[in-house]
Amino acid sequence: MTDSAEHTASPFQSSPETGDTTDFGFRNVPREQKKTMVREVFESVAGKYDIMNDVMSLGIHRVWKRIFVGMLSPRPNMKLLDLAGGTGDITFGWLRSGGGPALLTDINAAMLSVGRDRAIKAGLIGDIEVCVVDAEAIPLPDCSVDRVTIAFGLRNCTDKDAVLREARRVLKPGGRFFCLEFSRVEVAALSPVYDAWSFQVLPRMGQLIAKDSESYQYLAESIRMFPDQETLAQMMRDAGLERVQYRNLSGGIAAIHSGWRL
């Protein structure tokens, strides 16, 4: 399901943005409203979020996340900050792979509530601190964690550049940032099938399983509005991260980006 990326840029298409507006799917909305709108999306789907992840990715998200956790190189003496950690998959994978203490954070309390319940059930809660955190303004001191992760969350942030700057700020020298996110399909034959799945099937599944088609319509749109692989890599460099690289998964449907604080 994975392939190594040749770093070939693809055009990043988005609707016009001004300083006062930002994208919410294919719509431009006032910047100050996006966080509330995103919060409402995830409050609506929190209870069915994990089921829908399995259904809409045909289970492939589990493969992507295993690869992602493996790339973190977890060690007992390392501390993880998991941004937009939601229901906890990355944090749990980190701990089960031998990583040290973890901060499971999300701006959405409903998602974190599901994650906390899962951690208790799995017997992992003792190694996890669960906190409501806005990834654009992380309440941690400089140079305080060894790894920062964000999986399928960066595209929902209003100020993505601020998230990247904050991630670098809280990393210790020698620490590393990792982002797993939907990206730009680089296999032409996949594009029509992927588009049909995203815009025709997913909203119907969302209505059937989560009783919410609009949130999954937003999901499909937000993926298309997210920067392509090379654009995100340059944003990371601009935020001060170094030795930035990325790896495509499943033909570019998703990608893992990483960068160091040196």
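Only this structure's heavy atoms are used, side chains among them; waters, hydrogens and symmetry mates stay out.
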Check: Is it true that the side chains of R237 and Q234 contain a donor and an acceptor less than 3.5 Å apart?
Finding: yes
Check: Can you check whether V201 reaches M205 side chain to side chain, under 4.5 Å on heavy atoms?
Finding: yes
Margin query: With rounding to the nearest 0.5 angstrom, report the CD1 to CZ distance, I128 to R116.
Written below: 10.5 Å
Note to self: Looking at R169 and L140, would you say the former's side chain and the latter's main chain have a donor-acceptor pair under 3.5 Å?
What the structure shows: yes
Next item on the list: Please check if any side-chain donor atom of S57 sits under 3.5 Å from a side-chain acceptor atom of W64, or the reverse.
Entry: no
Next item on the list: Apply the test side-chain contact (heavy atoms from CB on, under 4.5 Å) to residues R168 and V148: give CA-CA distance (whole Å), side-chain angles for both, the deciding distance (0.1 Å), then the verdict.
Entry: CA-CA 8 Å; R168 182 195 178 278; V148 177; over 6 Å; no
Notebook entry, point to check: How many angstroms lie between atom OG of S73 and atom CE of M78, to the nearest 0.5 angstrom?
Noted result: 7.0 Å
Item checked: Worked check of side-chain contact (heavy atoms from CB on, under 4.5 Å) between R66 and V63 -> CA-CA 5 Å; R66 282 199 297 271; V63 177; 3.5 Å; yes
Notebook entry, point to check: How long is the gap from OG1 on T87 to CG on L112, to the nearest 0.5 Å?
Noted result: 9.5 Å
Check: Looking only at atom types and distance, does a side-chain atom of R147 sit under 3.5 Å from a main-chain N or O of K79, one as donor and one as acceptor?
Finding: no
Check: Transitively linked via ILVMFWY side-chain contacts under 4.5 Å: V193 with V185?
Finding: no
Notebook entry, point to check: Can you check whether A162's main-chain N or O pairs, donor with acceptor, with D159's side chain at less than 3.5 Å?
Noted result: yes
Checklist line | Between S215 and D212, a side-chain donor and acceptor under 3.5 Å | finding: yes
Note to self: What's the separation between atom CG in L154 and atom CG in L232, rounded to the nearest 0.5 Å?
What the structure shows: 6.5 Å
Notebook entry, point to check: Does L219 offer a backbone N or O that forms a donor-acceptor pair with the side chain of S222 under 3.5 Å?
Noted result: yes
Item checked: Shared hydrophobic cluster for I51 and V114 (ILVMFWY, side-chain gaps under 4.5 Å) -> no
Next item on the list: Decide yes or no for L202 and W197: does some side-chain heavy atom of the first lie under 4.5 Å from some side-chain heavy atom of the second?
Entry: yes
Checklist line | Chi angles and distances behind the side-chain contact (heavy atoms from CB on, under 4.5 Å) call for R261, C143 | finding: CA-CA 9 Å; R261 175 172 184 171; C143 307; 3.5 Å; yes
Next item on the list: Take atom CD of E32 as the centre, draw a 6.0 Å sphere, and report whether it contains more than 12 heavy atoms from other residues, nucleotides or ligands.
Entry: yes
Note to self: How close do G251 and L190 get, counting heavy atoms only, and between which atoms?
What the structure shows: CA-CD1, 4.3 Å
Notebook entry, point to check: Just wondering, do L81 and D146 contact through their side chains at under 4.5 Å, heavy atoms?
Noted result: no
Note to self: Testing the basics here: between F182 and F226, what is the closest heavy-atom pair and its distance to 0.1 Å?
What the structure shows: O-CD2, 3.5 Å
Checklist line | Point-to-point distance, once rounded to the nearest 0.5 Å, from CG of L72 to CD1 of I256 | finding: 8.5 Å
Notebook entry, point to check: Should L249 and I67 count as side-chain neighbours, where that means a heavy-atom distance under 4.5 Å?
Noted result: yes
Note to self: For a 4.5 angstrom cut-off between non-hydrogen side-chain atoms, does R118 reach D50?
What the structure shows: yes
Checklist line | Distance-minimising heavy-atom pair for P101 and W94 | finding: O-NE1, 4.0 Å
Next item on the list: Test N156 against every option in V41, I107, V38, I150 by the side-chain contact (heavy atoms from CB on, under 4.5 Å) rule and name the one that passes.
Entry: V38
Checklist line | Donor-acceptor contact below 3.5 Å, side chain T105 vs main chain D82 | finding: yes
Note to self: Please determine whether a side-chain nitrogen of the Lys or Arg among R165 and D238 lies less than 4.0 Å from a carboxylate oxygen of the Asp or Glu.
What the structure shows: no
Margin query: I'd like to know if the side chain of T91 reaches the main chain of G88, judged simply by a donor and an acceptor atom lying under 3.5 Å from each other, with no hydrogens or angles considered.
Written below: no
Item checked: Closest non-hydrogen atom pair between L95 and G100, with its separation -> CD2-O, 3.3 Å
Checklist line | Worked verdict on F177 versus H257 for side-chain contact (heavy atoms from CB on, under 4.5 Å) | finding: CA-CA 8 Å; F177 168 77; H257 283 67; 5.8 Å; no
Notebook entry, point to check: Between F24 and Y218, is the gap from one ring center to the other below 6.0 Å?
Noted result: yes
Checklist line | NZ/NE/NH1/NH2 to OD/OE distance under 4.0 Å, R62 and D54 | finding: yes
Next item on the list: Quick one: closest heavy-atom pair of G115 and F92, and the distance?
Entry: O-CZ, 3.5 Å
Check: When rounded to the nearest 0.5 angstrom, what is the spacing between CE in M111 and CZ in R39?
Finding: 14.0 Å
Item checked: Q229 side chain vs S183 backbone, donor-acceptor pair below 3.5 Å -> no
Item checked: W260-M235 co-clustered via ILVMFWY side chain contacts under 4.5 Å -> no
Checklist line | Residue among D20, T22, T21 satisfying side-chain contact (heavy atoms from CB on, under 4.5 Å) with V29 | finding: T22
Notebook entry, point to check: Testing T149, I138, I90 for side-chain contact (heavy atoms from CB on, under 4.5 Å) with L83, which one passes?
Noted result: I138
Check: salt bridge (charged side-chain N to carboxylate O under 4.0 Å, His left out) with D23: which of K34, R155, R31?
Finding: K34
Next item on the list: List the steps and the verdict of salt bridge (charged side-chain N to carboxylate O under 4.0 Å, His left out) for K35 and D134.
Entry: CA-CA 10 Å; K35 287 181 184 178; D134 182 346; 2.5 Å; yes
Notebook entry, point to check: Honestly, is R224 close enough over Y194, meaning NZ or CZ under 6.0 Å from the six-membered ring centre and within 45° of the axis?
Noted result: yes
Next item on the list: Answer yes or no: are there more than 12 heavy-atom neighbours, outside K65 itself, under 6.0 Å from its atom NZ?
Entry: yes
Margin query: Less than 4.5 Å apart, side chain to side chain, heavy atoms only: is that true for V170 and D142?
Written below: no
Note to self: Can you see whether S258 engages R176 through a side-chain donor-acceptor pair at a distance of less than 3.5 angstrom?
What the structure shows: yes
Check: Does a side-chain heavy-atom distance below 4.5 Å link E181 with F152?
Finding: yes
Checklist line | Expected output: side-chain E136 to main-chain K160 donor-acceptor under 3.5 Å | finding: no
Item checked: Shortest non-hydrogen separation from A233 to Y246 and the atoms involved -> CB-CD2, 4.3 Å
Check: Do you see a donor-acceptor pair shorter than 3.5 Å between the side chains of E43 and N108?
Finding: no
Notebook entry, point to check: Heavy-atom distance under 4.5 Å between the side chains of V133 and D106, does that happen here?
Noted result: no
